[in-house]
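Each chain gets a letter, A, B and so on, in the order the sequences are listed, and its residues count up from 1.
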Amino acid sequence: MNLDFSIIPGVMPALLAGARLTVELATIAVAIGLVIGSFVGIARVGHVRIVRLLAGAYVDFIRGTPLLVQLFLVYFGLPSLIGRPVPPFVAAIAAMGINSGAYVAEIVRAGIQAIDRGQTEAARSLGLTAAQTMRYVIFPQAIRRIIPPLGNEFIALLKDSSLVSVIALEELLRKGQVVITRTFRPFEVYTVIAILYLIMTLAISKLVSWSERKLKIVD
Amino acid sequence: MIETKGLKKSFGKLEVLKGIDAKIEPHEVVVVIGPSGSGKSTFLRCLNLLERPTAGEIYFAGKCITAPHTNVNEVRREMGMVFQQFNLFPHLTVLENITLGPIKVRRMPLEDARKVARELLKKVGISEKESAYPAELSGGQQQRVAIARALAMKPAAMLFDEPTSALDPEMIGEVLEVMKSLAREGMTMVVVTHEMGFAREVGHRVLFMDDGRIVEEGPPLKLLTSPKNPRTASFLSKVL
């Protein structure tokens with residue numbers, strides 16, 4: 001057995017820089033996903049048929065195709081369409097954000113549908129419009145149910161962000177690969193990378209259960 | 001105040017209302033009784049368009065509200081509705097439950113809405129619970145808040161859909177009391193209920209529904225004690 005973790009302190013700054021980019025990618029992508037997902041999720045339960053169908057098609061397409069293919073479509077495919085290259089960072093957050101949007105939409109849809117029909121009926125019978133009912137009655141209740149699965153989505157996205165290493169974006173995994181070409185210590189470096197991912201996902205879990213407690217479920 | 005003409009409602013192939021002609025006068029308390037599945041709740045829910053009638057017309061305050069392009073929100077704000085399951089908003093306090101409609105629909109300033117809400121809470125006898133959440137209240141208290149919430153919109157008529165059916169027996173009285181005082185104040189009310197005592201005491205007229213039709217109607221005492229239709233008689237013999 002030939003293990004040498006002594007090289008790790010020297011490469012830590014590079015790995016941490018990669019981890020930082022990973023967090024940035026995942027956070028921006030989940031924020032984009034949240035915005036897309038909220039609209040698409042509400043559209044999925046709305047009563048405008050064409051909007052519902054379009055939203056459904058988007059969700060089906062994203063969930064039915066690999067993120068890696070979606071990433072290649074944006075990074076390698078799109079430039080030939082628009083006639084100029086797409087920067088890797090932009091391609092990465094675009095692909096991840098659009099991907100996340102579909103999953104968040106399903107989370108939002110399920111959260112909304114879990115709210116009793118009587119809530120909508122009570123709100124509408126007061127004369128609230130459909131939009132006001134969603135905003136003041138349904139969504140505030142749904143958000144409590146949405147937070148835990150949203151945390152899972154954030155964790156999944158953070159791990160999946162390792163895929164963008166293939167378009168030469170120096171996030172954590174890619175940084176590690178670069179470091180290995182210098183140190184020839186794959187086992188040690190990948191172990192540290194795994195631990196860094198673990199620390200990040202555990203931190204998100206903690207954050208989610210904390211916010212769950214903050215928004216204590218009353219019903 | 002409210003009139004229906006040939007009102008029909010089907011759910012898929014199932015025809016629940018088979019042509020209802022009914023008229024509710026201002027300040028009248030109309031009690032709708034009938035076996036379960038007779039369509040009485042559906043009838044009530046059609047009146048404020050929570051259910052879209054399949055055929056027929058509904059007139060409210062002289063306007064045909066089943067006409068296309070009717071603003072349903074404008075109709076609903078004038079008709080209060082109280083549900084069997086209370087349907088209070090669990091994420092809002094008692095006071096917020098009551099002020100939501102006046103603030104968002106009537107554009108009432110917050111302070112005015114609170115003032116109205118507090119007066120109504122006093123009226124239904126639970127002033128001390130204004131900061132509580134619905135889950136902290138008993139069923140009877142929740143239903144009284146629900147009545148206050150509907151009244152806060154200053155509706156022209158109130159619809160009650162089995163308001164005491166989900167309550168423990170000892171809480172039915174307090175809810176009926178609130179409804180009785182409303183009736184005494186001259187509120188126009190349509191009440192679907194199994195409480196025959198309430199029908200007799202405060203109802204001006206009773207409609208007996210069976211199989212999607214109004215089978216018999218008349219003054220409570222007469223209808224409840226000497227029904228003309230055998231189906232009414234058979235129903236009453238089971239519930240009285």
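- The environment of CZ in A:Phe39 is sparse: at most 12 heavy-atom neighbours from other residues, nucleotides or ligands sit within 6.0 Å.
- When heavy atoms are compared at a cutoff of 4.5 Å, A:Glu121 approaches chain B by way of both its backbone and its side chain.
- Here the side chain of B:His91 pairs a donor or acceptor atom with the backbone of A:Tyr136 at under 3.5 angstrom.
- Between B:Pro90 and A:Gln141, some side-chain heavy-atom pair lies under the 4.5 Å cut-off.
- If you take CZ on B:Phe89 and CD1 on A:Ile138, they are separated by 8.0 Å, rounding to the nearest 0.5 Å.
- Heavy-atom contacts from other residues, nucleotides or ligands closer than 6.0 Å to NZ of B:Lys115 number 12 or fewer.
- Contact record, B:Val105 with A:Gln132: CG2-OE1, 4.4 Å, taken as the closest heavy-atom pair.
- Of residues 45-77 of chain B, those residues lying under 4.5 Å from chain A by any heavy-atom pair are B:Arg45, B:Asn48, B:Leu50, B:Val72, B:Asn73, B:Arg76, B:Arg77.
- Heavy atoms of B:Phe83 lying under 4.5 Å from chain A belong exclusively to its side chain.
- Counting non-hydrogen atoms of neighbouring residues, nucleotides and ligands closer than 6.0 angstrom, the CZ atom of A:Arg135 reaches no more than 12 such neighbours.
- Judged by distance alone, with hydrogens and angles left aside, the side-chain atoms of B:Asn87 form no donor-acceptor pair with the main-chain N or O of A:Ala122 at under 3.5 Å.
- Listed by sequence position, the residues of residues 119-132 of chain B in contact with chain A number zero, using a 4.5 angstrom heavy-atom cutoff.
- Taking CG of A:Leu128 as the reference point, atom CE of B:Met153 lies at 7.5 Å (rounded to 0.5 Å).
- Of the atoms belonging to A:Ala130, not a single heavy atom falls under 4.5 Å from chain B.
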